[in-house]
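To keep things clear, I will list the structure first and then write my remarks on it.
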Amino acid sequence: DCDTVVDDGLTTYTWYFDADLDSFGDSTVSTVSCSVPAGYVTPSHAGDADFEVFIEFGPTGIGEMPASSSDLTVTLETDYTDADFRDADGDGADDVLVAGGWSNSGAGVAYYVEGGSRAFVVNARSSAVATFAGEASYDHLGDSVALCDLDDDGHADAILGAPYADGGAASSGLVHVFSWSYAGAISASAADAKLPGTAERDNFGMKVECLGDLDVDGREEVGITAPYADSGGLRSGTGYIFFGGLAGTVAAASADTVVRGDAVDDQLYDVIGLGDVTDDGALDVVFGSSRNDDGGTDGGAAWIFAGGGL
């Protein structure tokens, strides 16, 4: 019914919804019409290759949950590598730092998107308050990201790992810290603090994680891993904890706590803030390796460190 006459024989087309305004539509969301509806694109531009991050606001309960039921969907026009959620601006609503480390010829990109709404779809690029861009091809800025209040100002600072950047040596890795507030287009070169990896192909910054305030001084701590560092044997991996207040250039070796991988090829990769699982009044930290052989070949292992002893 294109001109108020039902079945009038006029040519119709299938149009595809362009949620992120990149001129390529979602082939799973379509409508039939004689002319293009608002928010849709032509048939020749079907097949949007965007990635989507689905966010469910807790509590979520137990059982299976389809992605289509998520409260928030963030779409990216590139690959998705990591995201973190935190009320960075202090308005009471969690914000999103979401990244695609493979974008821009591998230089990487990350978007800071403000929260404050539910049950909606946002495009990271068009909705971002701040966009962080990697410095060089294959740096992979945003392979891991975290929001963390390192300076006790009540706002979260943005921490972005670039594990293939030439920090202290080729592919040693480089972590960038951007203090609040951040807005607009921001180059990684403008970071308020830079933490370069130590040795060639350490890949420092493969994982960055906000660990909470371990020493109860008001400033939160950040954990970082370099899975291919050789501190405990070839590619054993190394974990680092930095106690807040980062500025300027901070060498990985100057970390407040260093955790060495257990054996050759352990590739200590993961670090997570656990909360107080040891019930000693201090937040605890776990480092993990999927390649450790203590329980069997590549069975993996996790090591929990009581926060009061770090």
Side-chain angles (χ1 to χ4, degrees), residues 57-58 82-99 110 112-116 129-130 132 142 144-162 174-183 186 188 190-197 204-205 207-226 238-259 270-288 303-310:
F57 298 109
D82 198 20
D84 198 12
F85 313 93
R86 177 78 175 265
D87 180 14
D89 55 10
D91 67 353
D94 276 357
D95 309 305
V96 183
L97 180 64
V98 61
Y112 167 66
V113 181
E114 290 182 339
V129 174
F132 304 93
S144 188
V145 301
L147 291 167
C148 200
D149 186 3
L150 299 175
D151 51 11
D152 191 24
D153 67 351
H155 298 287
D157 308 307
I159 306 170
L160 294 90
L174 184 63
V175 173
H176 305 76
V177 178
F178 299 88
S179 300
W180 180 266
S181 63
Y182 29 81
I186 305 171
D192 297 287
K194 293 185 179 182
L195 288 69
F204 178 77
K207 181 66 184 289
V208 300
E209 177 83 3
C210 187
L211 304 177
D213 185 7
L214 300 179
D215 56 358
V216 200
D217 68 347
R219 302 179 302 179
E220 293 182 313
E221 280 64 71
V222 59
I224 303 172
T225 62
T238 306
Y240 306 84
I241 298 176
F242 295 86
F243 280 70
L246 299 174
T249 300
V250 182
S254 68
D256 297 278
T257 300
V258 177
V259 177
D270 216 348
V271 56
I272 300 172
L274 287 180
D276 184 15
V277 298
T278 56
D279 196 27
D280 64 353
L283 300 177
D284 306 314
V285 178
V286 61
F287 284 90
W303 297 270
I304 296 175
F305 296 86
L310 290 171

- prompt: Does the side chain of Asp95 reach to within under 4.5 Å of the side chain of Asp87, using non-hydrogen atoms?
  reply: yes
- prompt: Is the closest side-chain heavy-atom distance between Val208 and Ser144 below 4.5 Å?
  reply: yes
statement: Taken to the nearest 0.5 Å, the spacing of Phe243 CZ from Asp213 CG works out to 9.0 Å
- line: Distance col, row Ile224:CD1 vs Lys207:NZ, nearest 0.5 angstrom, shows 12.0 Å
message: When you measure from the side chain of Asp284 to the backbone of Thr278, do you find a donor-acceptor pair of N or O atoms at a distance under 3.5 Å?
response: yes
- prompt: Would you say the side chain of Thr225 lies within less than 4.5 Å of the side chain of Phe287, judging by non-hydrogen atoms?
  reply: yes
- request: Begin from the C-alpha positions of Val286 and Trp303 and carry the test side-chain contact (heavy atoms from CB on, under 4.5 Å) through to its verdict.
  value: CA-CA 5 Å; Val286 61; Trp303 297 270; 5.7 Å; no
message: Which residues pass the side-chain hydrogen bond (donor to acceptor under 3.5 Å, both in side chains) test with Asp149, not counting sequence neighbours?
response: none
message: Once ring pair (Phe, Tyr, Trp, His ring centres under 6.0 Å) is applied, do any residues pair with Phe132, and if so which ones, sequence neighbours excluded?
response: Phe178, Tyr182
task: May I ask you to test the Leu150-Arg219 pair for a side-chain heavy-atom distance under 4.5 Å?
output: no
query: How many angstroms lie between CZ in Arg86 and CD in Glu220, if you round to the nearest 0.5 Å?
result: 4.0 Å
query: Just wondering, do Val285 and Ile304 contact through their side chains at under 4.5 Å, heavy atoms?
result: no
- prompt: Looking at Leu195, Val145, Val175, which one forms a side-chain contact (heavy atoms from CB on, under 4.5 Å) with Ile159?
  reply: Val175
field: Side-chain heavy-atom pair Asp279, Val277 within 4.5 angstrom cut-off
entry: no
task: Please list, chain by chain and in numerical order, all residues satisfying side-chain hydrogen bond (donor to acceptor under 3.5 Å, both in side chains) with Tyr240, sequence neighbours excluded.
output: none
field: Matching residue for Trp180 among Leu147, Asp151, Asp153 - test: side-chain contact (heavy atoms from CB on, under 4.5 Å)
entry: Asp153
